[in-house]
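Everything on this sheet refers to the single structure shown next.
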Amino acid sequence: MAWSEAKEIVPPAVWRLLEIEDEADGYRRMAELLDHLGLHEALQELCARAGESLDEEVREVAEDFGEERLEACRSGSC
């Protein structure tokens, strides 16, 4: 699958999955997937959602994959 195709298909599937599975492990696996695929906009959105969670472990996902990590990846340091 081309990156442009993944950009259109994967994020909506991630949001649907997180509506069903909203625990920290689900957020972490989806963050890892988006990171691996280079879907940084979707990863930022996931981190924003995770950062607003009442669940401390979900918020930790936002910290682990948040803006600092994205900036490091953009500069080639990840």
| Transitively linked via ILVMFWY side-chain contacts under 4.5 Å: Leu46 with Ile9? | no
| query | Hey, which of Val10, Leu18, Asp35 is the one that makes side-chain contact (heavy atoms from CB on, under 4.5 Å) with Met30? | reply | Leu18
| field | Heavy-atom side-chain contact between Tyr27 and Glu21 under 4.5 Å | value | no
| request: Could you check if a side-chain atom of Pro11 sits within less than 4.5 angstrom of a side-chain atom of Leu39, using non-hydrogen atoms only? | output: yes
Going from [atom1] on [X] to [atom2] on [Y], what distance comes out if it is rounded to the nearest 0.5 angstrom?
{"X": "Glu45", "Y": "His40", "atom1": "CD", "atom2": "NE2", "answer": "15.0 Å"}
{"X": "Phe65", "Y": "Leu34", "atom1": "CZ", "atom2": "CG", "answer": "9.5 Å"}
{"X": "Leu37", "Y": "Glu32", "atom1": "CG", "atom2": "CD", "answer": "11.5 Å"}
{"X": "Glu23", "Y": "Ser53", "atom1": "CD", "atom2": "OG", "answer": "10.5 Å"}

| said: Using every non-hydrogen atom in the two residues, find where Ala50 and Ala62 come nearest and quote the distance to one decimal. | reply: CB-CB, 3.9 Å
| field | Working for salt bridge (Lys or Arg N to Asp or Glu O under 4.0 Å), residues Arg16 and Glu19 | value | CA-CA 5 Å; Arg16 283 192 303 272; Glu19 286 175 9; over 6 Å; no
| message | Checking the side chain of Arg59 only, and the main-chain atoms of Glu52 only, is there a donor and an acceptor separated by less than 3.5 Å? | response | no
| task | Given salt bridge (Lys or Arg N to Asp or Glu O under 4.0 Å), test Glu60 with Arg28 step by step and report yes or no. | result | CA-CA 9 Å; Glu60 187 176 297; Arg28 185 163 301 282; 3.8 Å; yes
